[in-house]
Number of protein chains: 2
Amino acid sequence: MNFSFSVLFDETFNLFFMRSSCMSRSRVTIKDVAKLAEVSIATVSNVINGTGRVSLDTQRKVEQAIGELDFAPSASARNLKDKKSSLIAVIVPLLEKGRLQDNPFYWHLVRGIEESARDEKLHVILVGIGPDESFSFIREQHLDGLIFVGAFEDTEVVESVLRLNVPCVFMDSLIDNSDFYQVSLDDELGGYIGTKHLLSLGHERIVLLTGLLKKDGVNYCRWQGYRRALEEAGVPYRPELVYEEPTSSLGGYRAASRIGAKGGGVTAVFALSDMVAIGLIKGLHDLGIQVPRDMSIVGFDDDERARYCIPALTTVRQDIVQKGRTAVRLLTAQIERDHSVERQVTLGVELVPRQSTAPLAARVKD
Amino acid sequence: MNFSFSVLFDETFNLFFMRSSCMSRSRVTIKDVAKLAEVSIATVSNVINGTGRVSLDTQRKVEQAIGELDFAPSASARNLKDKKSSLIAVIVPLLEKGRLQDNPFYWHLVRGIEESARDEKLHVILVGIGPDESFSFIREQHLDGLIFVGAFEDTEVVESVLRLNVPCVFMDSLIDNSDFYQVSLDDELGGYIGTKHLLSLGHERIVLLTGLLKKDGVNYCRWQGYRRALEEAGVPYRPELVYEEPTSSLGGYRAASRIGAKGGGVTAVFALSDMVAIGLIKGLHDLGIQVPRDMSIVGFDDDERARYCIPALTTVRQDIVQKGRTAVRLLTAQIERDHSVERQVTLGVELVPRQSTAPLAARVKD
DNA sequence: CTGAAAGCGCTTACAG
DNA sequence: CTGAAAGCGCTTACAG
């Protein structure tokens, strides 16, 4: 009897021991620190936050106790009082398959955001959302702010986000409301300079290879720039030269045959994403159409791959990392109610001429 | 007097009003729901969590109240009790500049992780860490788990993470300890099949273009596969053909002149990243060296760009999104103490022959 | 300069 | 089946 009891006891003990050594997380609390430093928890709190008045002596005692116990204050407890979490979310649209977009564009965006957020002691949570997503997590987690990429004003999702009344920055969203914080690109200018570059090389039949052309969207603005450039040059706008295709390399690849078809007289293409341009070049290549001899191509973004593509891609450059950093700047201003910061930032674009564009004359000579 | 008092009062009122309408977030609590549904907060809690016994009638009342008030339970309050946060972190090494690595590889990883995490009702927080980073946030935020990418066993950071005793999955880390949860690739096999492919085409002087060759690291294993293939084929291993270069397109580009130099007799290159391979092809192209006529190239990863590269890149394929999904699977198993799940998963690789490799004979004929 | 105490919004035994 | 109450770990007036 005694023996079996002892065994039972030992098992219980072991179980307890294992649980306490494996499961326990963050056991040391402000109370432990207070005890060790022989002060009240209020004082510990004051030392941690630099609030109130604390004598240098107690401060040192407390700091040593914190160090000794390796104390890390619980964010949950803190948030419960403050209603803030030091968490921001980047909300990115999902592909149909329920996965984040595969354009590495987003990665560079996130890189910029993460870097700036880190500087601000904020953490970045990455959220993909589908069309019928619930946003309850934003309130549940007490998110301090949101960066919303590629949203449209009239959408259900935007409506529900706005109702939450949480600091929010829209990116590449072109919502026509100057009350909202937005960072975007001078897309119209991008469309303009890319087109103008081709026009200046003598091209007139220029295909615009775009993604979804939604009113006031990014592509829509670029399309407007395209039209403006044509108009300025006195070249008639032909709607049949605007191809709406999926924004993917495959989309570009598939567009190649349509573009390269004889009789169309197309001599240049402006693809509104490097991703698409690269697929297009490959598609043309497989059809025996050489770039830039037979066809000039301009991309958009200036991915790293634009530079290493063969031929190197002429493109409209945007600084995506900078875009992410700007979004965080606007967001923190909004969180801290710093009204001196502008609400709308439009970043610049720049033409980067490389090898995928050539004068039309060169073709004639051949 | 009365007048000025009234003005003051109005101002105060306005301020109050503005604050309450702009700042207030998530005001409705479980108490409000309880009041509306005419039950206790315990009952509301039980309904929300499906715990305890609740009559169908009260359940409906509570659910309606929740809907009416659009109630979202506070994660902080919940976490404070549960010591869990439904948050996991993906920890990615930083570049020297304090920014996340630019390899889009990470994006695909994150895509896989985010998708799976969403299925598990977990949120993903993305963290870049430098060499002397503090990990206090892991305890502060009560993170439920960690996915650690590209760590090395002996590192300070790994040590401190392990001390935290938080569920953790190491990825591409090759820590030699079977107690740890790890997902990795069959890197040795990858190195082997890539090399073997080139050998089978008749190449013998094969440059291995690798990133940092750290003991037991990813590249190290691939290098071992390279050696095994050579040995099997009876081709002597030449250390001078192993080039350690930065894992970037620029690294590949710069390596081109060294590789293409006359006299070396190099006829093929195995680059351990598509990123590097693409830079290399461009570099060779700029030197007038044609791929695959003059030089065969094999990459690693099978990025999207491998397919659209000119010539399309022969490469060793890995499913990066799947890798991310696997990591989440191991992590949730660990969080839920489901010991039926394996601790180590090694994912497969596959050779994807495309156009950047050709028989050596073809060259001789030229 | 320091501390006792209330309260943030939940969950969880424990009574009834 | 339902509720009163304690407690999670902090912060913040408020006394002293």
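First the proteins, then the strands, lettered A, B, ... as listed; each starts at 1. Small disclaimer: the values here were computed from a predicted structure and weren't measured.
A sub-4.0 Å separation between OP1 or OP2 of C/dC10 and a side-chain N or O of B/N79 is absent. The shortest distance between the side-chain N/O atoms of B/K83 and the OP1/OP2 oxygens of D/dG9 is below 4.0 Å. Within the structure, every side-chain polar atom (N or O) of B/K81 is placed at least 4.0 Å from both OP1 and OP2 of D/dA6.
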Could you go over nucleotides 1-4 of chain C and give all protein N or O partners under 3.5 Å, atom names and distances?
unit_1, atom_1, unit_2, atom_2, d
C/dC1, OP2, A/R53, NH1, 2.5
C/dT2, OP1, A/S55, OG, 3.3
C/dT2, OP1, A/T58, OG1, 3.4
C/dT2, OP2, A/S55, N, 3.0
C/dT2, OP2, A/T58, OG1, 2.7
C/dG3, OP2, A/S40, N, 2.9
C/dG3, OP2, A/S40, OG, 3.4
C/dG3, OP2, A/T43, OG1, 3.0

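At whole-Å resolution of the value, NZ in A/K84 and C1' in D/dT12 are 15 Å apart. Atom-to-atom, CG of A/D82 to P of D/dG9 comes out at 17 Å; the value is rounded to the nearest Å. Following rounding to the nearest Å, A/Q141 (CD) and C/dC10 (C1') show an atom-to-atom distance of 14 Å. Straight-line distance from the CD1 atom of A/I30 to the P atom of D/dT12: 11 Å, rounded to whole Å. To the nearest angstrom, P of C/dG9 lies 12 Å from CG of B/L80. Computed from coordinates, the A/H142 NE2 to D/dC10 P distance equals 17 Å when rounded to whole Å. One can place CD of A/E140 at 15 Å from C1' of C/dT11, the figure rounded to the nearest angstrom. Counting to the nearest Å, the P atom of D/dG7 and the CZ atom of B/R78 are 22 Å from each other.
Ring geometry for A/H123 versus B/F137: interplanar angle of 30 to 60°, hence tilted. Using bins of under 30°, 30° to 60° and over 60° for the plane-to-plane angle, the ring pair B/Y106/A/W107 lands in the parallel bin.
In this structure a side-chain-to-backbone donor-acceptor pair under 3.5 Å is missing from B/E114 to A/V127.
Looking at B/L146 and B/I91, their side chains come closer than 4.5 Å, going by heavy atoms from C-beta outward.
Applying the Watson-Crick and G-U wobble criteria (two distances, each under 3.5 Å), D/dG3 pairs with C/dC14.
Taking the charged nitrogens against the carboxylate oxygens, B/K61 and B/E38 have no contact shorter than 4.0 Å, which rules out a salt bridge.
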